[in-house]
Amino acid sequence: MDIVFIEDLKVDTVIGIYDWERQIRQTISIDLEMAHDIRPAAEEDTIDQCLDYKSVAKRVISFVEESEFQLVETLAEKIAQIIQEEFGVSWLKLKLSKPGAVRGSKNVGVLIERGTKS
């Protein structure tokens with residue numbers, strides 16, 4: 001199985017359960033690993049057969065910037081659904097981090113896997 005990845009995609013959004021969090025935008029970080037057979041793209045040397053990570057990133061950024069979820073769990077689940085449905089990704093691993101959410105920690109968040117590895 002081949003993996004196309006995006007690391008440390010930073011996006012500002014409204015996220016959180018506290019009243020003060022609903023009034024500001026916070027930066028979250030997203031790491032993605034997505035299953036995709038790269039052999040056809042490598043053989044043709046064209047983007048037509050690729051999982052276009054720029055298109056994935058632009059779609060995720062657009063969605064996250066417009067969202068206002070309370071939970072990082074909900075946001076992670078919605079991002080995973082978009083990637084699988086709109087880009088035909090059979091398996092993905094998504095790490096969504098909310099830096100600074102817990103005093104004394106570098107990062108907190110969720111790590112999910114969805115789909116089946118082929």
Side-chain angles (χ1 to χ4, degrees):
M1 173 182 64
D2 304 323
I3 293 178
V4 175
F5 68 91
I6 300 171
E7 287 183 347
D8 201 22
L9 181 65
K10 294 194 184 309
V11 188
D12 292 336
T13 190
V14 174
I15 186 86
I17 61 171
Y18 300 108
D19 289 341
W20 67 267
E21 290 181 299
R22 310 307 300 158
Q23 305 302 317
I24 64 168
R25 298 182 73 74
Q26 298 181 69
T27 301
I28 60 156
S29 173
I30 301 166
D31 293 336
L32 280 169
E33 294 181 15
M34 302 165 285
H36 184 76
D37 184 356
I38 69 165
R39 290 174 292 189
E43 197 171 289
E44 293 183 21
D45 196 29
T46 67
I47 197 166
D48 298 337
Q49 299 296 322
C50 287
L51 174 57
D52 185 349
Y53 47 80
K54 183 175 182 178
S55 294
V56 172
K58 286 175 73 172
R59 177 65 174 103
V60 169
I61 290 167
S62 174
F63 175 75
V64 172
E65 285 179 337
E66 295 172 12
S67 71
E68 293 190 7
F69 295 108
Q70 293 187 48
L71 302 177
V72 294
E73 292 85 350
T74 306
L75 182 55
E77 202 58 49
K78 297 295 185 184
I79 293 168
Q81 288 173 358
I82 288 170
I83 293 169
Q84 289 191 295
E85 292 172 7
E86 294 183 17
F87 295 94
V89 171
S90 62
W91 172 89
L92 65 83
K93 183 190 288 187
L94 185 152
K95 178 181 174 185
L96 194 153
S97 303
K98 189 176 170 185
V102 173
R103 187 184 321 230
S105 72
K106 179 180 178 182
N107 236 341
V108 298
V110 295
L111 177 63
I112 64 172
E113 286 187 46
R114 295 295 177 263
T116 54
K117 292 182 179 180
S118 306

Worked verdict on Met34 versus Phe87 for side-chain contact (heavy atoms from CB on, under 4.5 Å): CA-CA 10 Å; Met34 302 165 285; Phe87 295 94; over 6 Å; no

ILVMFWY network linking Leu96 to Val14, side-chain heavy atoms under 4.5 angstrom: no

Heavy-atom pair of closest approach, residues Thr116 and Trp91: O-CB, 3.2 Å

Side-chain donor-acceptor pairs under 3.5 Å in residues 101-110, sequence neighbours left out?
{"from": "Ser105", "atom 1": "OG", "to": "Val102", "atom 2": "O", "distance (Å)": "2.7"}

Atom pair CD/CD1 of Glu33 and Ile3 - distance to nearest 0.5 Å: 4.5 Å

Heavy-atom pair with the smallest gap, counting every atom of Leu111 and Lys95: CD1-CB, 3.7 Å

Over 12 non-hydrogen atoms of neighbours within 6.0 angstrom of CG in Asp45: no

Reported CG-to-CD1 distance for the pair Leu92 and Ile83, which is rounded to 0.5 angstrom: 5.5 Å

Spatial distance of atom NZ (Lys58) from atom CG (Asp52) [nearest 0.5 Å]: 9.0 Å

Donor-acceptor list for residues 65-75 side chains, cut-off 3.5 Å, not counting sequence neighbours:
{"from": "Ser67", "atom 1": "OG", "to": "Thr13", "atom 2": "OG1", "distance (Å)": "3.3"}
{"from": "Ser67", "atom 1": "OG", "to": "Val64", "atom 2": "O", "distance (Å)": "2.9"}

Close side-chain approach of Lys10 and Asp8, heavy atoms under 4.5 Å: yes

Rounded distance [0.5 Å steps], CZ in Arg114 versus CD in Gln84: 8.5 Å

Side-chain heavy-atom pair His36, Val89 within 4.5 angstrom cut-off: no

More than 12 heavy atoms from other groups under 6.0 Å of CD1 on Ile112: yes

Reported CG-to-CE distance for the pair Asp37 and Met1, which is rounded to 0.5 angstrom: 11.0 Å

Sequence-distant partners of Arg22, salt bridge (charged side-chain N to carboxylate O under 4.0 Å, His left out), two or more places apart: none

Rounded distance [0.5 Å steps], OG in Ser29 versus NZ in Lys98: 13.5 Å

Expected output: side-chain Glu21 to main-chain Ile17 donor-acceptor under 3.5 Å: yes

Reference residue Tyr53; test side chain to side chain contact (heavy atoms under 4.5 Å, CB included); the match among Leu32, Ile6, Leu9: Ile6

